[in-house]
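Chain letters run A, B, ... following the sequence lines, proteins first and then strands; every chain starts at 1. Remember, predicted model here, so these are calculated numbers, not experimental data.
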2 protein chains.
Amino acid sequence: MATAPSKHKPFTTEHRDVSAPRPYPQSRKRYVTGTRPDVRVAMREVAQHPTMTDDGAVVEENPPIVLYDTSGPYTDAEATIDVELGLPPLRAPWLQRREGVASIGETAGGRPTAFPTQRTRYRAKSGANITQMYYARQGIVTEEMEYVALRENACLEQYPETLRKTAPGTDVFSPITPEFVRDEVARGRAIIPANINHTELEPMIIGRRFAVKINANIGNSALGSSIEDEVEKMVWAIRWGADTVMDLSTGADIHDTREWIVRNAPVPIGSVPLYQALEKVGGDAAALTWEIVRDTLIEQAEQGVDYFTLHAALLREHIPLTTSRLTGIVSRGGAIMAAWCLAHEQENFLYSHWDDVCDILAAYDVAVSIGDGLRPGAIHDANDAAQFAELKTQGALTRRAWERHVQVMNEGPGHVPMHLIAANMDKQETWCDEAPFYTLGPLPTDIAAGYDHVASALGGAMIALNGTAMLCYVTPKEHLGLPDKDDVRVGVVTHKLAAHAADLAKGLPGACIRDNAMSKARYEFRWADQAALSLDPERSMELRAASFPDTQPLPEGYCSMCGPEFCSMRLYRRICPQQELPK
Amino acid sequence: MATAPSKHKPFTTEHRDVSAPRPYPQSRKRYVTGTRPDVRVAMREVAQHPTMTDDGAVVEENPPIVLYDTSGPYTDAEATIDVELGLPPLRAPWLQRREGVASIGETAGGRPTAFPTQRTRYRAKSGANITQMYYARQGIVTEEMEYVALRENACLEQYPETLRKTAPGTDVFSPITPEFVRDEVARGRAIIPANINHTELEPMIIGRRFAVKINANIGNSALGSSIEDEVEKMVWAIRWGADTVMDLSTGADIHDTREWIVRNAPVPIGSVPLYQALEKVGGDAAALTWEIVRDTLIEQAEQGVDYFTLHAALLREHIPLTTSRLTGIVSRGGAIMAAWCLAHEQENFLYSHWDDVCDILAAYDVAVSIGDGLRPGAIHDANDAAQFAELKTQGALTRRAWERHVQVMNEGPGHVPMHLIAANMDKQETWCDEAPFYTLGPLPTDIAAGYDHVASALGGAMIALNGTAMLCYVTPKEHLGLPDKDDVRVGVVTHKLAAHAADLAKGLPGACIRDNAMSKARYEFRWADQAALSLDPERSMELRAASFPDTQPLPEGYCSMCGPEFCSMRLYRRICPQQELPK
């Protein structure tokens with residue numbers, strides 16, 4: 001049994017991102033209340049400086065910009081952070097109003113955890129349906145649905161009409177309503193991953209008609225890391241914009257690490273339960289059984305994991321299709337299930353027990369992310385028969401899960417050259433009936449080691465433009481090693497960039513308001529506002545300062561790229577006075 | 001007058017990338033000779049380790065992989081580098097065989113330079129045509145054309161048929177012949193920027209049917225840098241893959257900095273002559289005259305600049321179209337010419353003197369890159385009337401330059417949302433009769449400060465897939481400050497990645513051979529080979545080592561991502577022995 005960090009030691013000086021709130025520059029946390037007083041949606045509000053003349057006179061005020069905020073209480077100056085207590089159970093009162101939910105004690109999977117504060121665990125009463133999809137199909141708008149509708153809109157209505165612009169060439173949009181959210185969830189085109197045991201969650205939605213989301217993978221390996229490190233990585237990842245976090249630990253203390261993460265996470269937590277199951281059988285894939293995996297699913301569901309990646313669509317008959325590949329099977333879960341099928345000469349037990357799996361998922365409203373165990377790991381293997389045979393099976397499993405009101409998304413590749421990316425989206429959309437697509441990359445080249453985060457963002461932006469709902473991040477360490485904290489930051493910001501570029505191009509409500517505010521600040525040399533509005537304010541400020549090594553304070557009217565006399569915008573403002581301060 | 005570095009001080013210990021050859025890891029320089037013995041094309045040959053069993057027995061040898069190489073003699077272990085002498089004048093004997101070329105003494109523009117070794121300067125004899133486009137139209141295959149044909153093929157014929165694969169879903173290709181090169185240059189769809197005064201040049205080609213190229217901008221600003229710094233940045237940029245380098249100096253010693261760079265550059269050097277012209281008139285745009293610019297063009301042409309960016313297509317009537325923009329004019333050259341037009345109430349003198357400009361260009365075979373002074377600097381301004389009015393004018397100027405056998409490319413945006421990127425390429429192709437398109441980005445969002453290299457690579461890859469021939473790099477410092485050496489490296493590698501991804505998707509001959517070799521090395525745990533084949537071998541090795549801080553030597557059979565027991569490829573190789581060592 002793992003030992004949890006003691007009461008007095010952890011998360012202090014060396015874990016500064018977790019030990020106290022750290023607001024974003026020039027920003028405050030803003031809460032927007034829905035029709036129910038306990039639906040209070042957290043957003044980030046960025047203050048802007050006024051537009052000034054060169055003489056320092058105020059020309060106009062610039063409105064605060066409201067941004068979608070994934071960071072939870074960790075950036076709220078008023079919040080008290082106590083990682084041994086966990087975050088406030090925001091959703092507890094919502095769940096208490098639901099008749100189908102029953103408490104089942106304080107252990108998860110019958111197992112006590114080393115987290116200092118115990119939580120009551122819940123599951124659906126026998127025969128009761130409690131998933132967001134079920135409610136949506138009944139015409140019920142849950143608190144979660146209202147939360148995500150308000151969240152996606154990010155106070156769009158506060159801006160004057162002249163600022164409510166989408167990118168050129170996109171349609172004028174309509175705001176997202178709770179009813180629209182309900183309809184998308186009901187038809188399976190969007191999911192709200194929200195396990196009833198993750199009461200700390202700030203609900204979010206994943207679907208092609210909403211902002212593109214990104215996931216950050218964390219988790220230890222046999223070679224290192226600690227619980228403190230992993231909790232800190234989670235907080236760090238959401239600070240930079242991760243919408244969900246997957247705990248992919250394969251090393252020590254898997255159960256306890258997860259408990260610490262879930263209790264302190266305002267975002268959905270995903271996992272690959274097979275990893276822990278494999279730990280339970282000493283790492284021997286052939287020794288896995290349905291019963292061990294089943295118990296692991298229940299254990300993790302009772303901890304509050306919001307979505308499981310399950311490699312249920314890799315069938316025994318698919319395995320021979322991989323023999324002409326260059327890199328075989330590159331999914332850990334896929335390789336485990338293939339090994340099991342070959343060892344036992346039997347069908348994948350996740351596939352043959354799919355209805356049982358879905359019954360467990362439904363009892364806690366765990367969403368399922370049907371894994372792509374046969375995703376291509378090389379350009380050479382892209383869009384091949386193995387990959388697409390599994391994708392078709394993902395579609396069949398999607399429909400069966402929907403029969404049990406289980407929320408579903410599908411995982412996608414992998415390594416795919418640019419010209420074949422759209423075909424992945426098209427086939428998934430058709431074969432999987434528009435269930436949300438969740439892709440890793442795709443990486444459009446194999447040779448980018450050290451820069452695979454860029455490769456992934458590049459392919460990810462393209463597939464997101466085609467309709468992918470969530471991108472799994474890739475860090476600079478991909479193919480090379482376990483990411484550290486800075487890798488996590490770079491990976492998250494890079495994929496946030498890709499997701500945002502897709503949002504802009506899709507004409508998403510509100511997306512362009514931030515870009516227009518940024519460009520106006522740029523044109524008016526409001527450097528602090530540019531930093532505050534950019535994806536990574538600290539990095540932006542560091543890089544600007546780095547080019548004036550000896551200058552404090554920094555000059556306001558230019559940067560070191562062109563110097564004071566060679567700035568095109570400055571020159572333009574001088575020659576076109578009517579254009580000096582555009583709206 | 002600037003002082004050049006003394007004989008004894010510069011480019012020694014603190015400029016290690018310039019002072020002695022530094023071969024790439026596991027690589028040697030290989031020279032391929034054409035039909036003429038003095039056409040010797042430099043390539044990089046990467047050795048690979050054999051495939052081994054886990055017991056250490058050799059299963060098969062892996063062939064060396066030949067890569068397109070931009071780095072010149074600086075990575076040739078056998079070369080002697082002497083920056084005060086400059087690179088060997090590779091093209092001198094070729095030019096001596098051409099009757100239309102005459103020597104005109106040792107000064108450039110009548111101006112002696114502070115470079116220690118003087119070069120003979122050339123120009124076309126009166127009435128003679130000496131451009132690559134002229135020769136191509138005459139049916140003449142020049143040495144430059146043969147050089148680039150061999151270079152683009154990168155010894156494709158050396159591989160067995162089984163390895164000569166393009167990416168899935170692309171056509172089987174045919175090798176590039178000198179005759180094909182000639183035809184593309186004749187019709188203006190490709191250019192070989194090769195000023196007759198840049199004899200040190202290793203010729204290269206820019207056009208949609210060839211590998212996508214990238215340009216790196218260097219150059220000082222009023223705020224700093226030295227001649228040594230800028231020469232070192234050039235050598236550094238080509239080490240990481242820059243196909244051309246633009247010297248955008250706007251600070252001190254513009255003439256001498258350029259001379260040092262050209263004499264030591266194996267790649268085409270571009271410039272924006274307007275910057276130096278502006279320096280000559282004390283920074284006052286209104287004081288510019290055609291005569292000053294004309295003399296600057298001649299001066300730079302006689303130094304050996306291979307292509308000029310000229311903002312000749314920004315017409316007086318276009319300026320009012322910018323007043324509804326968010327960021328006005330963001331091109332330095334564009335803002336300068338707009339200021340001149342407004343101050344004088346006259347048409348852009350580069351436009352009204354276009355035929356005179358072209359006569360100068362033709363006399364030295366300087367290619368022209370017709371600038372996009374009205375490129376959008378914000379998503380808000382993308383694809384607007386101002387931008388497209390200028391683009392149409394670029395087309396008209398292209399055709400007029402072609403009448404004088406001047407090689408032309410066109411510059412493109414800027415900031416453009418993803419869904420509007422293809423339209424830029426389509427219009428350029430139509431309006432500019434397929435002249436090569438050379439774009440900066442486009443950046444598909446405005447909010448990526450600190451990560452704009454990623455934004456640019458993302459839009460760049462997409463527009464390159466559509467046919468753009470060259471991408472101008474953007475560094476992490478874009479919008480924030482002057483890039484330093486590390487920014488240059490990151491900017492170059494990131495855009496090389498984008499260009500390569502486009503090459504793969506276009507089915508470019510040879511592109512996929514490198515990816516397949518990389519993936520095979522990955523599957524076989526040949527770590528050193530993976531590093532050597534990746535875009536940035538050193539970075540790749542550093543990142544792998546960073547995750548094993550205390551381990552020397554590094555383990556061969558796994559990385560810290562999954563550890564020894566959780567590697568999918570290792571597991572797959574164990575369960576699928578027939579697949580252990582795929583071809």
When [options] are compared by non-hydrogen pairs under 4.5 Å with chain B, the top option:
| options | result |
| --- | --- |
| A/S534, A/P168, A/G459 | A/P168 |
| A/L420, A/V493, A/N383 | A/V493 |
| A/P476, A/G450, A/A339, A/G460 | A/A339 |
| A/H415, A/H419, A/M541 | A/H419 |
| A/I329, A/L535, A/D503 | A/I329 |
| A/D515, A/D536, A/T445 | A/D515 |

- prompt: Between B/A449, B/A285, B/A378, which residue shows the highest count of heavy-atom pairs closer than 4.5 Å to chain A?
  reply: B/A449
Counting only heavy atoms closer than 4.5 Å, note whether [X] contacts chain A via side chain, backbone, both or neither.
| X | value |
| --- | --- |
| B/L342 | side chain |
| B/I421 | neither |
| B/R522 | side chain |
| B/L533 | backbone |

Nearest 0.5 Å please: distance from the [atom1] atom of [X] over to the [atom2] atom of [Y].
| X | Y | atom1 | atom2 | answer |
| --- | --- | --- | --- | --- |
| B/L443 | A/L497 | CG | CG | 8.5 Å |
| B/L480 | A/W527 | CG | CH2 | 6.5 Å |
| A/Y451 | B/H453 | OH | NE2 | 8.5 Å |
| B/T166 | A/H380 | OG1 | NE2 | 10.5 Å |
| B/K520 | A/D446 | NZ | CG | 14.0 Å |

What pair of heavy atoms forms the shortest contact from [X] to [Y], and how long is it?
| X | Y | answer |
| --- | --- | --- |
| A/M418 | B/A461 | CE-O, 3.4 Å |
| B/I447 | A/M518 | CG2-CB, 4.0 Å |
| A/K477 | B/L543 | CE-O, 3.5 Å |
| B/A335 | A/S568 | CB-O, 3.7 Å |

field: Which atoms of A/A502 approach chain B - backbone, side chain, both or neither, heavy atom under 4.5 Å
entry: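 Contact with chain B: backbone and side chain both.
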query: Checking A/I336 against chain B: side chain, backbone, both or neither under 4.5 Å from a heavy atom?
result: both
- request: Would you check if A/C512 and B/I379 make a side-chain contact, meaning some heavy-atom pair closer than 4.5 Å?
  value: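 A/C512 vs B/I379: side chains touch.
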